[in-house]
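See structure below.
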Amino acid sequence: MNALPLILFLLALACAIMLAIFLPAYLLKRAVQQPFPSHYNKILRKNIPVYSRMPADLQLQLKRLIKQFLHQKKFIACDGLQMSDEIKVTIAGRACMLLLNRVTAVYPALKTILVYPSPFIVPRIETGMGGVVTHAHQSLSGESWSDGRVVVAWDHVQRRGGEQAEGHDVVLHEFAHQLDSETGVTNGAPALGSKARYQRWSAILSEEFAALQQAVALGEDTVIDPYGATNPAEFFAVVTETFFEKPWAMARRHTALFEQFRAYYQVDPRDWS
């Protein structure tokens, strides 16, 4: 008789462990098997124009990834913004474009996306010459944090048309940082899978990064946004924007760099143009 409570406790513990192991996978499977809502399709066609020009298999991939993204990630509206399906599907769609055709998890370290209506203010601490510490504030349209959060300004997410031609996309930029950080350090070299690929990646990106820095210093016009000259991590994020937003210009002017990104992302955005 005295053993019965212990047996019941062990059974309950075993059940709890089984639920913890298998329930998330079951719920995810159920979520991705749900039909893709028709109004989600309308959002994609409106806010991600290249979606309509993608082949059917990529559209199906993207919709499945979006369903998984929306199931696993939490969206938080900030500073008076009202969260909506349009906001969530647009951000998820742009973020998941970076995962097409690739055997990878859906941003496993990412838990939360904070969305502001417009650029937000963040504190900065800078140490200058002589160790002088300066406290300042900076206005940002997006930021990727190492604690499982991405922050974006919705008005910048919405900007298409003319700015698209300039190669800017805040979602592509910040989620490229998320991919970069999956190796444990954000340094412009995402997970590539082999030593040979890392060596080739390092050689080409180092050369292109130095060339961009020189071009910016000389005031020359560049296909890649000058912000990419800040550091290797920003270079990777900015070139990701360029690859998806200005693929033809990048392929002409930076052929070797374009091929590295085509091999990494496993798509060729020129096919959608």
* To do: Start with the C-alpha distance between Leu44 and Ile66, add both sets of side-chain angles, then the distance that settles side-chain contact (heavy atoms from CB on, under 4.5 Å), and finish with yes or no.
  => CA-CA 11 Å; Leu44 293 178; Ile66 289 170; 3.8 Å; yes
* Would His177 and Glu143 count as a side-chain hydrogen bond (donor to acceptor under 3.5 Å, both in side chains) if you check the C-alpha gap in whole Å, the side-chain angles of each, and the deciding distance to 0.1 Å? -> CA-CA 9 Å; His177 281 315; Glu143 193 164 49; over 6 Å; no
* To do: Check the pair Glu86, His39 against side-chain hydrogen bond (donor to acceptor under 3.5 Å, both in side chains), reporting the backbone distance first and the verdict last.
  => CA-CA 9 Å; Glu86 180 178 14; His39 72 286; over 6 Å; no
* To do: Could you please spell out the steps behind the side-chain contact (heavy atoms from CB on, under 4.5 Å) verdict for Gln260 and Tyr264?
  => CA-CA 6 Å; Gln260 285 296 304; Tyr264 174 68; over 6 Å; no
* Verdict with supporting geometry, Tyr51 and Asn41, side-chain hydrogen bond (donor to acceptor under 3.5 Å, both in side chains) -> CA-CA 9 Å; Tyr51 170 77; Asn41 270 312; 2.9 Å; yes
* What's the verdict on side-chain contact (heavy atoms from CB on, under 4.5 Å) for Arg149 and Ile113, showing C-alpha distance, side-chain angles and the deciding distance? -> CA-CA 6 Å; Arg149 292 183 291 174; Ile113 300 93; over 6 Å; no
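For the residue pair Arg45/Ser52, the side-chain donor-acceptor check at 3.5 Å is satisfied.
Considering only residues two or more places apart in sequence or on other chains, His254 meets the ring-ring contact (aromatic ring centres under 6.0 Å, His included) condition with none of them.
In summary, Arg94 and Glu245 engage in a salt bridge, as defined by a charged side-chain N under 4.0 Å from a carboxylate O.
Each of Leu98 and Leu60 belongs to its own hydrophobic cluster when Ile, Leu, Val, Met, Phe, Trp and Tyr are linked at side-chain heavy-atom distances under 4.5 angstrom. Connection of Trp248 to Val223 is not established within any shared hydrophobic cluster, with ILVMFWY side chains joined at heavy-atom distances below 4.5 Å, either directly or through further cluster members.
Rounding to the nearest 0.5 angstrom, the gap separating the CZ atom in Arg253 from the NZ atom in Lys246 is 9.0 Å. Annotation: the span from Leu99 atom CG to Gln61 atom CD amounts to 10.0 Å, rounded to 0.5 Å. The line from CZ of Arg53 to CD1 of Ile48 is 12.0 Å long, rounded to the nearest 0.5 Å. Note: Cys78 SG to Leu114 CG = 4.5 Å, rounded to the nearest 0.5 Å. To the nearest 0.5 angstrom, Ser84 atom OG is 7.0 Å from Ile43 atom CD1.
Counting all heavy atoms, side chain and backbone alike, Trp201 lies closest to Ala189 at NE1-CA, 3.8 Å. Closest of all the heavy-atom pairs between Thr222 and Ala215 is CG2-CB, 3.7 Å. In this structure, Ala237 and Ala176 approach most closely via the heavy-atom pair CA-CB, 3.9 Å. In terms of heavy atoms, Ala229 sits closest to Val216 at CB-CG2, 4.1 Å. The nearest pair of heavy atoms linking Val170 to Gly142 is CG2-CA, 3.8 Å. Closest of all the heavy-atom pairs between Met83 and Ile76 is CE-C, 3.8 Å.
Counting only residues at least two apart or in different chains, ring-ring contact (aromatic ring centres under 6.0 Å, His included) contacts with residues 95-114 comprise Tyr107-Phe175.
A 6.0 Å sphere centred on CD of Glu259 holds more than 12 heavy atoms belonging to other residues, nucleotides or ligands. Counting non-hydrogen atoms of other residues, nucleotides and ligands closer than 6.0 Å to CD of Gln214 gives a total of 12 or fewer. No more than 12 heavy atoms of other residues, nucleotides or ligands shown are found within 6.0 angstrom of CZ on Arg200.
Ring centroid separation for the pair Phe244 and Tyr265 comes in under the 6.0 Å cut-off.
Cation-pi contact between Arg64 and Phe36: absent, since separation from the ring centre below 6.0 Å together with deviation from the ring axis within 45° is not met.
Between Thr90 and Tyr40, every side-chain heavy-atom pair lies at or beyond the 4.5 Å cut-off. Residues Arg262 and Val267 fail the side-chain proximity criterion, which asks for heavy atoms closer than 4.5 Å. Side-chain contact between Pro232 and Asn187 is absent, with no heavy atoms from C-beta onward closer than 4.5 Å. Side-chain contact between Glu220 and Leu212: absent, with no pair of heavy atoms (C-beta onward) separated by less than 4.5 Å. For the pair Leu58 and Asn101, the minimum side-chain heavy-atom distance is below 4.5 Å. Leu179 has its side chain out of reach of Thr240: every pair of non-hydrogen atoms, C-beta onward, lies at least 4.5 Å apart.
Classified by interplanar angle (parallel below 30°, tilted 30° to 60°, perpendicular above 60°), the ring pair Phe69/Phe75 is tilted. Under the 30°/60° scheme for interplanar angles, the aromatic rings of Phe243 and Phe261 are found to be tilted.
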